[in-house]
2 protein chains.
Amino acid sequence: MEKTNAKDNATLPAYALDDKDLAILRLLQQNAKITVRDIASQIHLSTTPVHERIKRMEDSGIIKQYVTLVDHAKVRKGLMVICYVSLKEHNKKSGAKFIKTINELHEVIECYNISGEFDFMLKVVAENMDAYYDFHVNKLSQIENMGHLQSVFVMGIIKQTHQLVN
Amino acid sequence: MEKTNAKDNATLPAYALDDKDLAILRLLQQNAKITVRDIASQIHLSTTPVHERIKRMEDSGIIKQYVTLVDHAKVRKGLMVICYVSLKEHNKKSGAKFIKTINELHEVIECYNISGEFDFMLKVVAENMDAYYDFHVNKLSQIENMGHLQSVFVMGIIKQTHQLVN
DNA sequence: ACTGAAAGACACAGACT
DNA sequence: AGTCTGTGTCTTTCAGT
């Protein structure tokens, strides 16, 4: 069935996406629940090739996940904070420990290794300022090897999209 | 915390979510394509109440959107940059103009109004450094009223989730 | 690679407890 | 609010072009 083993598919494009693949991705990015029939009619194809193309993009990891987005404020996570972290020591072991801890903190929804004066950038969500203060003082600050910490508060969301393919 | 407009109900929870609603949200956040039957069996309910609860959460805006996530590198958007922007003037009109322009730039996938020395934080994706340089010089810098600009490069993704409800 | 048809799984609505 | 049952629509497979 499959030509290549999809084990080591972490970096490079698995194959060249043609215009029809990109059209499918454009539609799926906006609405994960669009029907195969609907896609098929919009790109002037029958369901079978559309279904096969989606399957191929799922198997090759181009399509990573279908997720449901929830309204921040309505689930009581109205406060968003960008948090900068630098560690005291920069050896492999302490870095790995930090990463493990971050992955266990559900308030942290994103974490990036960044260039510049800080080591990491975190996106944190909390119900309100009290909850964030508690998180900052009792969880973040308590991480071993923690160096400097700086919080930048998000006052408004101007744009938020997951549309990588345009 | 987000500002409220008088005409929309964007801020407050529409109603109290019970444990079953939260259980449904937890499953949907991880997989938008999970079947109602599957959810029903996992939370020990039949399909009808699950279906009704999902519908209610969609209608009230708690569930915002079902999206498909695509692998950055595999669609040739391997470079992620955090970009800080300050405007020269801070009147309402120039702010609105900036927001309009940002929404038209498909390289910008997120934009927040932030506290601190800069006005906005942008998350930008590009194929490579050449593409980002072109975006920076020919698009971002050319925006009228543009003040200071600072780029922070993402060297590694430690954590990325959309799981707001835990 | 694609079309068209056909089987099985599913969402969704109705009658009822 | 919930279960059970039925109907129409969908995904998914298969034979054929």
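A quick note: this is a predicted structure, and the numbers were derived from the prediction, not measured. In what follows, chains carry the letters A, B, and so on, assigned in the order in which the sequence lines appear, proteins first and then strands, with residues in each chain numbered from 1.
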Heavy atoms only: give me the nearest [X]-[Y] pair and the separation to one decimal.
{"X": "A:I102", "Y": "B:K159", "result": "O-NZ, 3.2 Å"}
{"X": "B:A16", "Y": "B:D21", "result": "O-OD2, 4.4 Å"}
{"X": "A:L164", "Y": "A:Q29", "result": "N-OE1, 2.8 Å"}

Please state whether the phosphate of C:dA11, meaning OP1 or OP2, lies under 4.0 angstrom from any side-chain nitrogen or oxygen of A:K33.
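For C:dA11, OP1/OP2 do not have a side-chain N/O of A:K33 under 4.0 Å.
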Would you sort out whether B:V85 and B:F98 count as a side chain to side chain contact (heavy atoms under 4.5 Å, CB included), showing the intermediate values?
CA-CA 10 Å; B:V85 170; B:F98 174 78; 3.9 Å; yes
Residues within residues 41-57 of chain A bordering DNA chain C, heavy-atom distance below 4.0 Å
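When residues 41-57 of chain A is checked for heavy atoms under 4.0 Å from DNA chain C, the hits, listed by number, are A:L45, A:S46, A:T48, A:P49, A:R53.
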For atom [atom1] of [X] and atom [atom2] of [N], their distance in whole Å:
{"X": "B:I39", "N": "D:dG2", "atom1": "CD1", "atom2": "C1'", "value": "17 Å"}
{"X": "A:I34", "N": "D:dC10", "atom1": "CD1", "atom2": "C1'", "value": "13 Å"}
{"X": "B:R37", "N": "D:dG6", "atom1": "CZ", "atom2": "P", "value": "13 Å"}
{"X": "B:I24", "N": "D:dA1", "atom1": "CD1", "atom2": "C1'", "value": "13 Å"}
{"X": "B:Y15", "N": "D:dA1", "atom1": "OH", "atom2": "P", "value": "11 Å"}

Should B:Y132 and B:E107 be marked as a side-chain hydrogen bond (donor to acceptor under 3.5 Å, both in side chains) after you check the CA-CA gap, both sets of side-chain angles, and the distance that decides it?
CA-CA 9 Å; B:Y132 179 71; B:E107 292 95 337; over 6 Å; no
Ion pair A:E58/A:R53, N-O distance below 4.0 Å:
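Salt bridge between A:E58 and A:R53, a charged N being under 4.0 Å from a carboxylate O: no.
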